[in-house]
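Report on one structure; see the data block that follows.
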Amino acid sequence: MQEYLKKQIEKALRQIQPDLDMPEITIEKPRSPDHGDAATNVALTLARTLKNNPRTIAQEIADHIDLSSGYITSVEVAGPGFINFRFSDTWLTDRLAEARHSGVSFGRSRIFENQSIQVEFVSANPTGPLTVGHGRNAVLGDTVARVLEWAGARVEREYYFNNAGRQMRVLSESVRTRYLQALGHDVSFPEGGYEGAYISEIAENVRRKHGDELLGEEHIPVFREAAENGIFEDIKRTLERMNISMDSFFNENTLYEDGSIDKVITLLRENDLIYETDGATWFKTTRFGKDKDTVLIKSSGEPTYRLPDIAYHINKLERGFDLVIDIFGADHIATYPDVISGVKACGLDSKKIDVVVYQFVTIVKDGKPFKMSTRKANFVTLDELMDEVGADVTRFFFLMRAPGTHLEFDINEAKQAGEKNPVFYLQYAHARIQSIMRKVRENYDFNGTEPDFRMLTHDSETTLIKRILEFQEIIELTATSREPHKLINYLNDLATAFHKFYHDCRILGEMDDLAFARSELLTVTARVLANGLGILGITAPDRM
RNA sequence: GCGCCCGUAGCUCAACCGGAUAGAGCAACUGCCUUCUAAGCAGUAGGUUACAGGUUCGAGUCCUGUCGGGCGUACCA
């Protein structure tokens with residue numbers, strides 16, 4: 001429709017001013033329904049070049065719009081010079097019939113067709129259970145992946161982790177200490193060690209399996225492995241509960257084993273972007289506009305995390321993805337420019353890397369901000385949260401808000417959210433429709449195959465139809481902006497339109513043709529709700 | 001100090017590329033269930049979009065400055 005309108009406007013403009021430089025014509029949906037179904041501001045933008053009053057221009061364009069197709073019923077000039085269009089019922093009902101025929105795939109788009117996209121998210125090192133702090137990352141990443149799939153892309157979900165660093169050393173030390181303590185040895189807990197109860201559990205498992213055979217320091221790898229495996233299993237189970245399934249887990253270590261790390265250094269050195277000072281190896285990030293150079297290899301010989309980060313992103317691009325998306329918390333934002341610089345310096349197309357940065361979740365507990373620390377075992381796990389409110393509410397909570405805003409997560413409120421939680425509004429709409437449909441099937445036996453949607457003339461009906469028809473556009477908008485809350489806002493509007501319809505229009509008791517048209521309208525509505533909730537990874541229940 | 005993000009109703013947040021009268025939910029108040037799920041619908045009230053300038057036909061949105069909050073600014077990850 002947008003394209004059609006643009007063409008009509010262009011045609012009108014050409015008639016008025018044949019030698020005009022065709023401006024960019026934007027069609028938007030007016031905020032207020034009083035202003036019609038679509039509007040354009042071309043007249044306003046042309047006012048300057050045409051040296052004429054915008055309203056006059058608008059009127060002239062409006063007069064030249066061809067209404068013969070029957071899709072547009074009115075063209076009006078309004079406000080400072082907007083041109084408002086109103087769609088005809090024919091257009092609406094034709095599109096609705098199309099939507100009905102496209103069945104379960106209604107809403108699918110092809111704007112990312114033939115694109116292979118990787119989304120990397122969660123990527124928490126296996127040092128402890130996933131907390132609500134990780135939740136926003138996990139849910140955002142998975143939902144971005146889902147919506148990109150709906151927009152036509154092939155998507156791979158990857159979890160990147162490091163099981164070799166300092167964190168993991170401290171972790172195995174912590175487990176070992178608990179093990180020794182359980183065997184009655186008087187050893188003090190390591191400074192900065194991981195204090196969570198899960199550490200003792202892992203230690204206990206090791207003890208059950210190996211008894212007291214592991215007293216010597218040479219057995220540390222056993223503890224490390226036990227910790228990593230146990231924790232990773234937990235993490236995977238938590239993700240599964242949240243309806244998240246990874247396609248691959250990428251161990252940072254492989255970048256050392258396959259020589260990628262050395263290759264990055266070599267390439268940077270060839271480009272004269274590397275130098276050594278004080279025994280450390282530096283990357284000339286000042287060449288890329290940074291105010292300081294960056295250490296890639298410490299004087300201890302150990303790389304900083306930026307080096308593998310660069311190698312990892314090169315690795316991703318070399319795997320042939322058309323687009324690589326990182327889901328980053330605000331604390332990682334500073335590393336992003338270095339990675340881009342590194343990738344660029346190694347001759348790869350850094351434009352294929354896109355980062356979704358989300359702001360931190362402020363945990364509020366008992367009315368006070370709650371600072372979490374995995375080491376101090378001071379955290380609320382995602383599992384605990386899901387025990388309280390379920391996976392649907394958990395996902396919804398993290399997706400409701402734009403990634404770029406600080407999200408306040410009140411634990412107490414979420415726990416007692418129960419039925420006033422906004423996710424139920426959407427699920428209720430779906431369940432309500434299914435309930436109606438069950439009754440419709442009991443009471444009617446429609447013999448036609450094609451409903452006559454022209455029967456649907458009530459305001460609540462046309463509003464609902466218009467909402468339904470926006471679905472695909474919203475998916476595309478959500479996929480390109482990578483902002484799932486836009487889909488949520490849309491589904492809320494859709495549910496509102498349905499509930500209003502429910503209030504105003506009945507099916508049971510109506511004549512067959514109207515009942516058929518209405519029930520098919522609801523079938524499509526339910527499908528949009530189910531598809532939309534599916535993209536959010538949330539269930540669409542048939543009963544509540 | 002410097003860099004990035006945020007500041008919108010009492011609270012939590014929307015607002016597509018700069019568009020028309022800044023919208024929802026929660027909380028408050030008022031109506032609507034003998035008929036398809038009241039987990040709903042309709043309505044009332046609530047605002048100097050942190051503040052001060054600027055850009056223009058038009059600014060919550062863009063620019064500059066101030067204030068407030070978060071994060072970063074390590075040879076930590």
Side-chain angles (χ1 to χ4, degrees), chain A residues 24 26 28-32 34-35 39-41 44-45 47-48 53-54 78-82 84 124-125 127 162 165-167 277-282 290-292 294-306 308-309 329-337 357-360 362 400-410 413 417-429 431-440 442-443 460 473-474 477 480-481 483 485-486 488-489 492-493 495-496 498-510 515 518-519 522 543-544:
Chain A
E24 175 83 11
T26 57
E28 57 186 31
K29 192 176 158 273
R31 246 204 281 264
S32 158
D34 296 345
H35 298 138
T40 181
N41 61 348
L44 290 164
T45 56
R48 176 128 21 136
N53 182 309
F82 290 98
N84 296 335
N125 286 339
T127 57
N162 169 18
R166 197 183 53 84
Q167 281 182 12
T277 299
D278 303 331
T281 305
W282 296 73
K290 236 190 144 192
D291 54 0
K292 266 165 103 180
T294 307
V295 172
L296 290 184
I297 301 174
K298 301 184 236 173
S299 51
S300 65
E302 227 176 344
T304 64
Y305 66 99
R306 278 160 214 264
D309 266 5
D331 56 339
H332 277 72
I333 189 59
T335 86
Y336 170 67
V357 177
Y358 62 91
Q359 292 300 312
F360 269 0
T362 310
M400 272 165 77
R401 263 75 238 219
T405 64
H406 299 282
L407 172 61
E408 189 164 304
F409 199 125
D410 190 319
E413 193 184 296
E419 53 186 47
K420 63 181 170 194
N421 194 290
V423 70
F424 290 123
Y425 186 73
L426 303 182
Q427 295 182 316
Y428 179 58
R432 219 179 194 187
I433 293 174
Q434 297 310 329
S435 168
I436 296 169
M437 298 311 289
R438 283 190 291 272
K439 292 237 161 66
V440 168
E442 282 170 22
N443 290 283
S460 304
E473 192 189 322
I474 295 294
L477 177 68
T480 47
S481 67
E483 294 184 328
H485 75 285
K486 294 190 165 153
I488 288 187
N489 290 342
N492 264 314
D493 291 342
T496 300
F498 158 69
H499 286 306
K500 177 113 174 79
F501 162 88
Y502 175 87
H503 187 260
D504 295 342
C505 307
R506 294 184 54 81
I507 295 181
L508 261 46
E510 297 292 348
R518 283 183 174 167
S519 70
L522 289 197
R543 294 168 207 275
M544 283 176 77

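Numbers restart at 1 for each chain; the letters A, B, ... are given by sequence-line order, proteins then strands. Quick caveat: nothing in here was measured; it's all calculated off a predicted structure. Heavy-atom basis, side chains included; hydrogens, waters and symmetry copies ignored.
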Polar-atom pairs under 3.5 Å, protein N or O versus N or O of nucleotides 40-44 of chain B: list them with distances, or write none.
unit_1: B:G40; atom_1: O2'; unit_2: A:R432; atom_2: NH1; d: 2.9
unit_1: B:C41; atom_1: OP1; unit_2: A:Y425; atom_2: OH; d: 2.6
unit_1: B:C41; atom_1: O2'; unit_2: A:H503; atom_2: ND1; d: 3.2

Mind listing the N/O atom pairs, protein and nucleotides 49-51 of chain B, below 3.5 Å?
none

Inset, instruction - Quick one: classify the glycosidic conformation of B:C17 as syn or anti, with syn meaning within 90° of 0. - result: syn

Please tabulate the protein-to-nucleotide N/O contacts below 3.5 Å involving nucleotides 3-5 of chain B, giving atom names and distances.
unit_1: B:C5; atom_1: O2'; unit_2: A:Q359; atom_2: NE2; d: 2.8
unit_1: B:C5; atom_1: O2'; unit_2: A:G404; atom_2: O; d: 3.3

Inset, instruction - Send over the distance from A:K290 NZ to B:G72 P, rounded to a whole Å. - result: 14 Å

Each nucleotide N or O in nucleotides 16-19 of chain B that has a protein N or O under 3.5 Å away: list the pair and distance.
unit_1: B:C16; atom_1: N4; unit_2: A:K29; atom_2: O; d: 3.4
unit_1: B:G19; atom_1: N7; unit_2: A:N41; atom_2: ND2; d: 3.0

Inset, instruction - Starting from the 5' end of RNA chain B, give me the residue, A:A78 or A:R166, whose nearest nucleotide shows up first. - result: A:A78

Inset, instruction - List for me each residue that meets side-chain hydrogen bond (donor to acceptor under 3.5 Å, both in side chains) alongside A:R432, sequence neighbours excluded, and say none if there are none. - result: A:Y428, A:H499

Legend entry - A:Y502 and A:I436, any side-chain heavy atoms less than 4.5 Å apart: yes

Inset, instruction - Return the set of residues passing side-chain contact (heavy atoms from CB on, under 4.5 Å) with A:A280 (not counting sequence neighbours), or none when no residue passes. - result: A:W282, A:V295

Inset, instruction - Measure from CG on A:N492 to P on B:C26 and round the result to the nearest Å. - result: 10 Å

Inset, instruction - Please state how far atom CG in A:N443 lies from atom P in B:U35, giving the value in whole angstrom units. - result: 16 Å

Legend entry - Watson-Crick and G-U pairing of RNA chain B, under 3.5 Å, as dot-bracket with | and [ ]: (((((((..((((.....[...)))).(((((.......))))).....(((((..]....))))))))))))....

Legend entry - Separation of atom CD1 in A:I433 from atom P in B:U37, rounded to whole Å: 12 Å

Inset, instruction - Indicate, with a heavy-atom threshold strictly under 4.0 Å, whether A:D309 touches base, sugar-phosphate, or nothing. - result: nothing

Legend entry - Given B:C76, B:U21, B:C36, the nucleotide with the shortest approach to the side chain of A:T304: B:C76

Legend entry - Presence of A:S299 side-chain N/O under 4.0 Å of B:C75 phosphate oxygens OP1/OP2: no

Inset, instruction - Specify the residue among A:D278 and A:H35 whose closest nucleotide of RNA chain B lies further upstream toward the 5′ end. - result: A:H35

Legend entry - Contacts of A:S481 that satisfy side-chain contact (heavy atoms from CB on, under 4.5 Å) - sequence neighbours left out: A:E483, A:K486

Legend entry - Spacing between A:Y336 atom OH and B:G72 atom C1', to the nearest angstrom: 16 Å

Inset, instruction - Name the nucleic acid region contacted by A:A334, choosing base, sugar-phosphate or nothing; use a 4.0 angstrom heavy-atom cut-off, strictly under. - result: sugar-phosphate

Inset, instruction - Only counting residues at least two apart or in another chain, list the ones meeting side-chain contact (heavy atoms from CB on, under 4.5 Å) with A:K290. - result: A:T285, A:T294, A:R306, A:D338

Legend entry - Integer-rounded Å distance: B:U35 C1' and A:K439 NZ: 11 Å

Inset, instruction - Name all residues meeting the side-chain contact (heavy atoms from CB on, under 4.5 Å) criterion together with A:N492; count only those two or more places apart in sequence or in a different chain, and write none if there are none. - result: A:Y425, A:L426, A:I488

Legend entry - Heavy-atom side-chain contact between A:I297 and A:T304 under 4.5 Å: no

Legend entry - Partners passing side-chain hydrogen bond (donor to acceptor under 3.5 Å, both in side chains) against A:Q434 (at least two apart in sequence or in another chain): A:H430

Legend entry - Spacing between A:F424 atom CZ and B:C26 atom C1', to the nearest angstrom: 15 Å

Legend entry - Qualifying residues under side-chain hydrogen bond (donor to acceptor under 3.5 Å, both in side chains), relative to A:R518, sequence neighbours excluded: A:E461

Inset, instruction - Taking the side chain as every heavy atom from C-beta outward, state whether A:I507 and A:L522 have any pair of such atoms under 4.5 Å apart. - result: yes

Legend entry - Nearest to side-chain heavy atoms of A:R401, which nucleotide of B:C75, B:A14, B:C36: B:A14

Inset, instruction - Would you mind telling me which of B:C75, B:U35, B:C71 lies closest to the side-chain atoms of A:R506? - result: B:U35

Inset, instruction - Send over the distance from A:D493 CG to B:G23 P, rounded to a whole Å. - result: 13 Å

